Amino acid sequence: YLWKNIGDKFYFYEVHTGKIVGFVHKYAHHDVWIAVIYKGEYAFTVDTEVHLGQYIDFGFAQHAVEYYWDVQNRTLLEG
């Protein structure tokens with residue numbers, strides 16, 4: 001995974017596919033940062049968007065997105 005800044009958002013994406021799996025952005029005209037991840041097969045739908053929280057600065061919001069996917073990648077799913 002890598003980060004890429006486009007416009008007013010910082011997107012977290014899968015390197016091999018380019019799929020966006022989360023993003024961080026400033027909340028309107030405030031100094032609060034919002035962390036969001038996308039769960040599911042397709043990104044940018046209301047059903048797959050999960051807000052991780054509001055953070056005091058970019059670093060905390062960025063870490064929240066990275067931590068979410070780190071945990072998900074280490075979780076074993078049973079079928």
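Keep in mind it's a predicted model, so treat the numbers as computed, not measured. Hydrogens, waters and symmetry mates are skipped; everything else that's a heavy atom, side chains included, is used.
The two residues Tyr38 and Gly22 make their nearest non-hydrogen contact at CD1-N, 4.0 Å. Contact between Ala35 and Ala61 at its shortest, heavy atoms only, is CB-O, 3.7 Å. Closest non-hydrogen pair, Lys26 versus Asp31, comes out as NZ-OD1, 3.6 Å. What you find for Glu14 and Thr17 is that their closest heavy atoms are OE1-N, 2.9 Å. The heavy-atom pair separating Leu52 from Ile37 by the smallest distance is CD1-CG2, 3.6 Å. Minimum heavy-atom separation, Thr48 to Lys39: CB-O, 2.5 Å.
Asp70 places no side-chain N or O within donor-acceptor distance of the main-chain N or O of Glu66, the cut-off being under 3.5 Å.
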- Message: Please evaluate residues Tyr13 and Lys4 with respect to the criterion side chain to side chain contact (heavy atoms under 4.5 Å, CB included), reporting the C-alpha separation (whole Å), side-chain torsions for both, the decisive distance (0.1 Å), and the verdict.
- Response: CA-CA 8 Å; Tyr13 66 97; Lys4 183 169 185 163; 3.8 Å; yes
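Within a 6.0 Å sphere centred on NZ of Lys9, other residues, nucleotides and ligands contribute more than 12 heavy atoms. For His30, the NE2 atom sits in a packed shell: over 12 heavy atoms of surrounding residues, nucleotides or ligands are nearer than 6.0 Å. Annotation: Ile6, atom CD1; neighbour count of heavy atoms from other residues, nucleotides and ligands within 6.0 Å is above 12.
Of the options Phe60, Trp3, Tyr11, a side chain to side chain contact (heavy atoms under 4.5 Å, CB included) to Val24 is made by Trp3 and by none of the others.
With values rounded to the nearest 0.5 angstrom, Tyr1 atom OH is found 13.0 Å from Ile20 atom CD1. To the nearest 0.5 Å, atom CD of residue Gln62 and atom CZ of residue Phe12 are 8.0 Å apart.
Aromatic rings from Trp33 and Phe58 are positioned such that their centres are separated by under 6.0 Å.
Of the N and O atoms on the side chains of His51 and Glu49, at least one donor lies less than 3.5 Å from an acceptor on the other residue.
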